[in-house]
Amino acid sequence: MSTPYKPEIVEQEAQRHWQEARSFEVDEDPGKDKFYCLTMFPYPSGKLHMGHVRVFTISDVIARYQRMLGKHVLQPMGWDAFGMPAENAAIKHGVPPAEWTYRNIAEMRGQLDRLGYAYDWSREVTTCRPEYYRWEQWLFTKMFEKGLVYRKNSVVNWDPVDQTVLANEQVIDGRGWRSDALVERREIPQWFMKTTAYADELLEELDRMPGWPESVKTMQRNWIGRSEGVELSFDVKGEDEPLTVYTTRPDTLMGVTYMAVAAEHPLAAKAAKDNPDLAAFIAECVRTDAAEATIETMEKKGMPLGISAIHPLTGDEVPLWVANFVLMSYGTGAVMAVPGHDERDWEFARKHGVTIKQVIAPADGSQIDIQEQVFVDKGVLVNSGEFDGMDYATAFNAIADHFERTGRGRRTVNYRLRDWGVSRQRYWGTPIPIIYCDDCDAVPVPEEDLPVVLPEDVTVTGTGSPLKDMPEFVNVACPKCGKDARRETDTFDTFVESSWYFARYACPDNDTTMLDERAAYWTPVDQYTGGIEHAILHLLYSRFFQRVMRDEGLTDVSEPFTNLLTQGMVLKDGAKMSKNKGNTVDPQELINKYGADTVRLFMMFAAPPEQSLEWSDDGVQGSYRFLKRFWHAVIDHAAGGPVAALDLKALNDAQKALRRKTHQTIAKIGDDIGRRSSFNTAVAAAMELLNAVNRFDDDSEAGRAVEHEALEAVVLMLSPMTPHICHALWQTLGHDTALIDHRWPDFDASALELDMIELVVQVNGKLRGRVAVPADAGKDDIEKLAIADDNVQRFLDGKEIRKVIVVPGRLVNIVV
RNA sequence: GCCCGGGUGGCGGAAUUGGUAGACGCAGCGGACUUAAAAUCCGCUGUCCGAAAGGACGUGCCGGUUCGAGUCCGGCCCCGGGCACCA
């Protein structure tokens with residue numbers, strides 16, 4: 001009887017070795033080729049979920065693989081510790097958010113240790129600690145000095161019952177999640193970071209980032225949304241101020257038949273003064289949440305204001321409407337509408353009986369009926385007076401020139417990207433380091449007074465920030481004039497913390513500067529792994545912040561993440577696994593039952609990393625069975641005693657075949673992990689090789705030597721995925737040095753050579769036979785052999801061969 | 001609504017550059033071992049026709065390009081992610 005596989009013993013033993021040897025603590029060694037491998041750090045929600053296990057395992061596999069290639073690997077871990085769930089828990093259980101958070105961190109840290117990840121814990125970063133957030137407060141004050149931050153009014157979701165600001169997530173079907181009250185849009189002053197100042201750079205650099213997936217780069221390009229258009233103004237009858245609008249389709253200008261303004265627009269308010277119906281409509285428009293998805297999908301509604309604008313080219317009167325889909329905070333709060341050539345305008349015009357005018361005709365001369373079908377393509381101008389017959393580009397320039405000449409408009413570049421609103425009316429976050437003084441206005445907290453420490457001993461009620469009720473926090477002297485002043489009680493968006501933590505891992509203990517020379521050594525991150533749900537916001541904010549730090553002289557690096565792997569979600573019942581939806585599976589139970597290696601292996605094997613993984617409990621058992629087979633295969637082999645050195649010249653065909661399989665597999669798994677990030681096929685290839693070893697029944701000296709080589713290769717190549725069992729089996733195979741310090745195996749190209757190869761024979765593209773041909777056979781010989789095949793002959797019978805296509809090494813296709 | 005993905009056996013998935021569709025695993029069925037069960041081992045397993053050899057069909061739907069399409073092109077359907085205050 002051989003020793004049974006006991007994961008809990010094997011795993012403890014391996015982890016003890018790594019801990020005693022401090023295997024994963026790294027310093028800065030300029031002589032070594034560094035590799036910074038990073039995972040998006042977790043929010044400490046309580047327990048690890050399957051999504052965490054998936055992303056951490058992917059990253060750990062990459063880190064361990066790179067280490068085996070000889071790289072000097074840093075893989076740190078930390079906690080994105082500020083956020084709403086801590087406040088929600090506080091309201092529910094009466095526990096201060098800080099206490100709840102620290103408790104969760106301790107719990108999750110234990111779970112991570114149990115999974116055997118190769119983390120350098122000496123660099124742990126926790127964002128709710130003052131020694132971390134003081135530096136983002138400091139950078140904010142620097143940005144303030146440079147004019148990179150500013151304050152302006154901005155829309156929030158207001159719960160009129162709980163008297164508090166709600167996150168979009170807390171608005172359910174237009175109602176507050178706790179009060180069930182209809183949510184209102186409300187404008188309050190908030191701090192913004194000028195992300196648009198970097199819009200061009202953020203966009204252009206995407207073209208020089210080969211290590212990022214195309215899909216993510218496309219999403220970011222579309223999000224930034226650079227467009228070239230014309231800004232022009234319409235006079236409004238009876239008003240001094242003209243109405244300014246932006247359009248990318250000035251060629252359709254002659255088709256403008258109405259204009260629309262936001263409900264909060266001053267012109268709407270003015271018109272509503274003596275029009276109760278209009279006032280009621282405007283009030284209704286405000287009773288909706290501020291999410292773009294809500295606004296874009298809700299029924300498009302509008303009402304005429306009874307005021308007209310003057311068309312700048314024709315002088316015709318154009319009616320002004322107020323519409324629920326125009327937002328005051330984006331652009332100028334007004335749009336021109338061309339129902340003939342814009343989908344949304346067309347639907348709105350049909351519904352409200354506004355004139356639809358055709359001013360663009362299809363370039364191919366075909367006829368269209370604009371009353372029946374909107375036409376949005378670019379074409380040739382019609383019904384446009386002096387511009388008739390022009391194509392899009394000619395008309396764009398002619399009309400833009402006209403406006404620039406008359407001073408009533410200009411060519412402009414516009415971005416869909418907006419500046420980043422970083423104020424949150426919440427307690428559990430980084431205090432915004434600003435003091436308001438009646439005389440000096442908003443004054444940044446001086447460097448020597450940083451950090452502004454968030455008080456941790458509080459009671460959270462769910463109706464506004466507890467900071468407002470803490471005079472010892474709020475009441476301060478103005479840093480400029482010394483008069484009584486008030487501290488800002490809003491905190492930062494938690495995305496601010498996660499926009500620079502990757503750099504701080506390099507120097508988490510530095511209390512005199514944000515980043516030091518150690519950051520210069522480790523950054524940029526070589527491999528960043530995280531959920532596809534972060535494709536835009538987190539990754540774009542980080543790219544922005546990196547540039548702000550660069551321009552502050554803290555780093556030379558512009559792009560924070562050289563290579564990006566976006567892993568798919570772990571789904572359950574077709575939806576993202578999340579605590580909110582209550583569809584989570586607890587990884588801990590599986591670890592207790594099967595061990596960390598089984599869970600790690602299953603996560604890697606069940607789906608390719610970039611695709612979503614629909615969770616099913618079946619299959620984990622299969623991974624466990626495989627590890628048991630693996631265990632016994634190695635133990636049984638080792639029980640045969642020491643093996644002789646491999647004598648390549650003395651091998652028989654079966655031995656050569658196993659050796660070929662071994663080296664084919666080494667080549668494949670290296671490519672799968674190193675180039676393709678295709679971990680599921682890497683595991684499958686390792687399984688195939690082990691299956692070949694188990695079928696291989698040869699106790700001769702040469703046979704055992706070939707088997708030994710194959711098993712060593714499997715142990716080494718599976719070690720990034722299942723490091724514990726491989727650590728133990730490496731010793732079983734007779735090594736007295738630890739696997740963790742061993743190199744990735746090399747493959748022997750000469751082992752791959754074959755004398756005969758099998759080709760597939762097709763007739764008219766359909767598989768009809770197979771022929772074995774010498775590896776060096778010429779095209780003519782291959783053709784003859786293919787045509788001679790019995791089954792192929794049946795399909796060639798009596799037909800004329802028109803063409804024969806030979807794809808070397810693959811197939812022959814005979815066309816008849 | 002807009003942007004980005006995905007859809008292949010009973011299930012998870014493989015097919016890397018347009019070249020053998022279904023690797024590897026799960027589940028299922030049959031067998032060995034066992035007093036029995038579990039565990040383990042061996043074999044079969046896309047659907048249909050056929051005793052077999054073999055054949056027909058088959059990668060969400062409709063159409064196209066090609067000697068050859070899961071892969072490329074056009075048009076749809078369904079599912080997932082994001083949409084700026086969830087992280």
Side-chain angles (χ1 to χ4, degrees), chain A residues 40 42-43 45 80 83-85 156-157 165-171 190 195 213-216 218-219 221-223 225 290-298 300 325 343-344 416-426 493-495 498 531-538 540-541 566 568-569 571 574-576 578-580 602 605-608 610-616 618-623 625-626 628-629 632 668 671-672 675-676 678 680-681 683-688 691 694 758-767 770 791 794 802-805 807 810-811 813-816:
Chain A
M40 291 179 188
Y43 177 79
S45 52
D80 189 14
M84 268 198 331
V156 292
N157 302 309
V165 175
L166 298 178
N168 285 340
E169 192 194 47
Q170 297 171 314
V171 180
Q190 311 211 58
T195 43
E214 268 324 305
S215 59
V216 174
T218 305
M219 280 191 262
R221 278 189 198 103
N222 293 338
W223 185 262
E292 184 185 319
T294 309
I295 289 151
E296 290 289 324
T297 51
M298 70 190 177
K300 308 290 181 289
F325 54 85
E343 195 99 35
R344 190 175 66 185
R416 211 188 73 93
L417 179 73
R418 306 195 300 261
D419 283 336
W420 177 12
V422 293
S423 294
R424 295 294 178 270
Q425 296 69 46
R426 274 186 260 290
D493 178 4
T494 58
F495 273 126
S498 57
I532 184 67
E533 68 272 25
H534 294 295
I536 296 173
L537 293 180
H538 162 61
L540 197 58
Y541 291 146
T566 50
M569 320 249 147
L571 307 180
K576 178 179 174 177
S578 77
K579 234 180 162 179
N580 278 341
F602 177 70
F605 183 56
E610 308 215 71
Q611 282 182 31
S612 57
L613 183 157
E614 171 70 35
W615 180 259
S616 96
D618 303 336
V620 181
Q621 180 78 29
S623 294
R625 262 206 298 265
F626 169 76
K628 277 199 286 189
R629 271 204 306 279
H632 290 293
K668 174 165 175 58
D671 188 53
D672 278 354
R675 182 181 62 88
R676 297 209 299 150
S678 178
N680 53 328
T681 55
V683 173
M687 287 173 168
E688 275 190 64
N691 289 344
N694 282 338
E758 188 182 71
L759 292 186
V760 158
V761 186
Q762 298 179 334
V763 179
N764 286 347
K766 288 195 188 259
L767 175 67
R770 290 160 206 276
N791 201 48
R794 288 177 45 208
R802 300 212 337 240
K803 200 173 172 187
V804 179
I805 293 152
V807 182
R810 285 195 185 267
L811 57 71
N813 189 14
I814 302 165
V815 186
V816 296

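Numbers restart at 1 for each chain; the letters A, B, ... are given by sequence-line order, proteins then strands.
The base of B/C85 is paired with the side chain of A/Gln425 by a donor and an acceptor separated by under 3.5 Å. For A/Glu296 against B/C3, no side-chain N or O and base N or O form a donor-acceptor pair under 3.5 Å. Between the side chain of A/Asn813 and the base of B/C67 there is at least one donor-acceptor pair of N/O atoms closer than 3.5 Å.
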Polar-atom pairs under 3.5 Å, protein N or O versus N or O of nucleotides 12-18 of chain B: list them with distances, or write none.
unit_1, atom_1, unit_2, atom_2, d
B/G12, O2', A/Ala606, O, 2.5
B/G13, O3', A/Asn680, ND2, 3.2
B/A14, OP1, A/Asn680, ND2, 2.8
B/A15, OP1, A/Arg676, NH1, 3.1
B/A15, OP1, A/Arg676, NH2, 3.1
B/U16, O4', A/Arg676, NH1, 3.4
B/U16, O2, A/Arg675, NH2, 2.5
B/U16, O4, A/Lys668, NZ, 2.6

Hey, what are the protein-to-nucleotides 37-46 of chain B N/O distances that come in under 3.5 Å?
none

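In terms of position along RNA chain B, the nucleotide closest to A/Ile532 lies nearer the 5' end than the nucleotide closest to the other residue of the pair A/Gly83 and A/Ile532. With the nearest nucleotide of RNA chain B identified for both A/Val165 and A/Asn691, A/Asn691 has the one nearer the 5' end.
Although no hydrogens or angles enter the test, the distance criterion places no donor-acceptor pair under 3.5 Å between the side chain of A/Asn813 and the main chain of A/Ile805.
Taking 90° from 0 as the syn/anti boundary, the base of B/G9 is oriented syn.
Contacts of A/Ile295 with the nucleic acid, taken as non-hydrogen atoms under 4.0 Å apart, are absent.
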With sugar-phosphate taken as primed atoms, P, OP1 and OP2 and all else as base, the protein-contact string of nucleotides 73-78 of chain B at under 4.0 Å (heavy atoms; B, S, -) is ------

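Across all strands shown, B/G12 is found opposite B/C24 as a Watson-Crick or G-U wobble partner, with both distances under 3.5 Å.
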